[in-house]
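Here is the structure we will look at.
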Amino acid sequence: MVNTVESPLFPCPLILTQERYVTKVLFNKAKHKHLREIITEGVLRMHEMSLMLEIIKIVSENARLHGFSKVDKIDVIVGDLSNVLPAALELAFFHFRKQGLGILDENTELDIIREPAKAKCQTCLVEFIPDYRLTLCPMCGLPNCLLISGETFRIESYEGSDEL
Ligand SMILES: [Zn+2]
């Protein structure tokens with residue numbers, strides 16, 4: 001039996017494995033903006049726990065909606081200037097995985113995709129790697145810099161499956 005997924009929200013390429021039909025579900029970029037809001041409101045370092053809790057909740061709910069009984073892998077993008085510590089996020093994931101939260105089990109994986117920080121000076125147009133969100137241009141010394149990347153924090157995709 002083929003587990004096909006029809007969703008207007010997510011493109012779902014089917015991947016066939018030996019024991020299961022695994023489906024990768026890509027998350028809509030515009031959705032889950034509130035994950036970023038949790039960061040800005042969040043209590044430092046404890047917030048990786050609440051962020052991970054939220055991620056598992058969102059993914060599990062979505063996976064159930066698609067008829068999956070299990071989440072195999074979750075891909076999360078973490079920007080270098082997103083105020084999220086990848087190690088702390090991973091630790092939180094292991095903690096909740098052990099608890100069997102949502103529809104995770106002991107084989108569910110977490111893949112953290114790092115997004116490097118990049119900024120561009122609006123005056124002399126030089127591109128550089130900033131250490132902070134607010135920074136001075138290393139070329140002209142002016143504070144007229146725009147952050148191009150590194151602030152992202154979102155769920156990129158997940159893979160769900162169903163026993164055959
Ligand atoms: Zn400059």
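In each ligand, atom 1 is the first atom listed, and ligand 1 is the first ligand listed.
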*Got a salt bridge between Glu61 and Arg64, using NZ or NE/NH1/NH2 to carboxylate O under 4.0 Å?*
no

*Can you check the number of protein N/O/S atoms within less than 2.8 Å of the Zn ion (ligand 1)?*
4

*Are side-chain N/O atoms of Asn62 and Tyr158 paired as donor and acceptor at under 3.5 Å?*
yes

_Other residues, nucleotides and ligands only: do more than 12 of their heavy atoms fall within 6.0 Å of NZ on Lys118?_
no

*Any Lys/Arg nitrogen of Arg133 or Glu151 sitting under 4.0 Å from an Asp/Glu carboxylate oxygen of the other?*
yes

*Got a salt bridge between Lys70 and Asp105, using NZ or NE/NH1/NH2 to carboxylate O under 4.0 Å?*
yes

_Thr152 and Glu115: side chain donor to acceptor below 3.5 Å_ = yes

